[in-house]
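Computed from heavy atoms alone, side chains included, the values below leave out hydrogens, waters and symmetry copies. Protein chains get the first letters and strands the later ones, always in sequence-line order, with residue 1 at the start of each. Given the structure is predicted, the values throughout are model-derived calculations rather than measurements.
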Number of protein chains: 4
Amino acid sequence: MLTHTSKFRVRFNETDPLGIVWHGHYVTYLEDGREAFGEEFGISYKDIQNANLFAPIVKCTVDYKSPLRHGDWATIETIFVNNIAAKLHFTYKIFIGETLIATGETVQVFTDLKGELFLSNPPFFEEWKRKYNFL
Amino acid sequence: MLTHTSKFRVRFNETDPLGIVWHGHYVTYLEDGREAFGEEFGISYKDIQNANLFAPIVKCTVDYKSPLRHGDWATIETIFVNNIAAKLHFTYKIFIGETLIATGETVQVFTDLKGELFLSNPPFFEEWKRKYNFL
Amino acid sequence: MLTHTSKFRVRFNETDPLGIVWHGHYVTYLEDGREAFGEEFGISYKDIQNANLFAPIVKCTVDYKSPLRHGDWATIETIFVNNIAAKLHFTYKIFIGETLIATGETVQVFTDLKGELFLSNPPFFEEWKRKYNFL
Amino acid sequence: MLTHTSKFRVRFNETDPLGIVWHGHYVTYLEDGREAFGEEFGISYKDIQNANLFAPIVKCTVDYKSPLRHGDWATIETIFVNNIAAKLHFTYKIFIGETLIATGETVQVFTDLKGELFLSNPPFFEEWKRKYNFL
C-alpha cells in the first residue's frame, strides 16, 4: 500500500458563519493530498500531462466526522488503492492529532489529450504500477 | 417526492486549465440547488437556524459524467429523499439539456446551537415532514 | 458612458465567521458584472478570445463601505471608462437598494495568444470603441 | 519597518483556463501573508478577536506584473505601513526568485464586537504600536 502524509493549515477564508470549515473546501484538501502524493511517487497532474494524458475526476466523496476551525493544523493521509480497472483510485483520512476529522475517496479515469477515454491502462500507468509492484 | 429545479451559469473562474469546471465547484452547485429547494419548501439554512438548529453536512458525493464549460447554462434538480433516520438527505442531478452532467448526494444531521446531535427528528423537522406527507 | 446593471445573490459559502461576505469574493462579483457587461456589448472573455486576444487583469481594487450577508440581493453597476491607453478599464458600484456596499475598479491589457502585449489598441478593440462612439 | 516573508505554492485549482492563477486568488495570498505576519507579531485575526475587536478590510488592491502557474513556489513579503489614522495598513510584494509577480495593499479599520467603528486607535492597537516603536 502506497501512502503519503502531509500537513495543512486551515485558512480564515475557508471557514463559514458557524466558524468551521465549509464542507466544499475539503475537496481542495483532498487535491492537495493527492498532489503531494503524486509529487512523491511520480504521478502528479504534471507527470500525467507529460505522458500526454489527462486524469479527470469521475467521483469524489467526503464523509465528515468532526469540524475543522481556522488555524487548525491537520494531517491528511492519501492512500493509493490498487484496482484492476483503468482508474486512479485514492482514499483519504484527515486527522487532528488522533481525532479523525474526515475520510474521502476520489476516482479518476485516463483520457488522451482529446478527451478520449482509456478503457485499459495507458502505458504510463502500467509502468507506474509495475514500478510500485501493483501488477 | 419533493423536487426543485433551478438553473445556473458557469463562471469563468470556476473553470480550470483544461477549460472545464474544476470538480470541487460542483459542491457549490449542490448547495445552490439545496438552498433553492429550501427556500421553496421552508427548509433553507435560515429556516433551520430560525428553529435554533444547525444542519451540518456529514456526507457529500459527486459523480461526474460529462464536463461543464464557461458560460454553460445548466439545470440542477434537487430531490428530497425521505428517510427514517434524523437526517436531511438529498440527491441531485445536473443537466445541460438532456445530457446528464453529474449526480450528487448530501446527508445532513441536526444539532442544537451548541452542536449537540439530535438522534431523533427535532420538532421542526417532524412538522416539516408532516406538512409534506412524509410521515 | 456605457453601463450594465445586473443583480446577484450572496451564497452561504461566500460568508465568513463574522456572518458577512469574505472580502475576496467581491472580485468574483466584479468579474460577474464585467462578463454581463461584455455579453451585452460584445466584449466578453469569449468575444475577446474569438478575436485571438487575451485581456489579463493588471489591476484590481475594491473599496468596502458596508457588508453583504447570506441571501442578500445586490445590484452591480459595471461602467466602461474610456481611456486613450490600450487598456480595458471598468469601474463598479455594488448596491443594496440605495445603500452603497462597495466600489471597484479593474484594468486589463491586451495580449496576443502568445502573451505578447499590445502597446496600442488591437483592431478588435478599435472597432469596438468606434461602434460605441468612444473614438 | 516591520516585515514578514513567507512562501506559498500555487494549487492546481487556483489556475484558470489560460493556465495561470486567476486574479481573485491573490486576495487569499495577501491574507495568508497578513496572517503569517500577524502570528509572528501578535496581530493576527485571533489576537485581534481576543482583544474584543474586529478588523474588517475596507480596501484591497492588487497590481499584477507577471503570472503565476500551477506548482510555482512564490514568496510574499508583508509590510506594515505605519499610519496616524486608526487603521491597519499593509503592503505586499509577491516574488518568484527575483521576479516581481504582484504588489498589493490592504487597509483595515477597527470595530468593537457590535461593529461600532473606532475613530482613534483602540488600546490594543496603541499598545501594539508602542511595543514595536511605531508611536
Which bit of B:L30 comes within less than 4.5 Å of chain A, counting heavy atoms only: side chain, backbone, both or neither? neither
Could you check if a side-chain atom of A:V58 sits within less than 4.5 angstrom of a side-chain atom of B:D63, using non-hydrogen atoms only? no
On a heavy-atom basis, which atom in B:H23 and which in A:Y45 lie closest, and how many Å separate them? CE1-OH, 4.4 Å
Contacting moiety of A:L18, where chain B heavy atoms sit under 4.5 Å: side chain
May I ask you to test the B:W22-A:T28 pair for a side-chain heavy-atom distance under 4.5 Å? yes
Counting only heavy atoms not in A:L113 (residues, nucleotides, ligands), do more than 12 fall under 6.0 Å from its CG? yes
Contacting moiety of B:E105, where chain A heavy atoms sit under 4.5 Å: neither
Is the NZ atom of B:K129 crowded by more than 12 outside heavy atoms at less than 6.0 Å? yes
Mind checking whether B:T61 and A:K59 have side chains closer than 4.5 Å, heavy atoms only? yes
Toward chain A, the part of B:F54 with a non-hydrogen atom under 4.5 Å: side chain
Do the side chains of A:C60 and B:Y26 get nearer than 4.5 Å, heavy atoms only? no
Would you say A:K93 has more than 12 foreign heavy atoms packed within less than 6.0 Å of its NZ? no
NZ (B:K46) with more than 12 external heavy atoms under 6.0 Å: yes
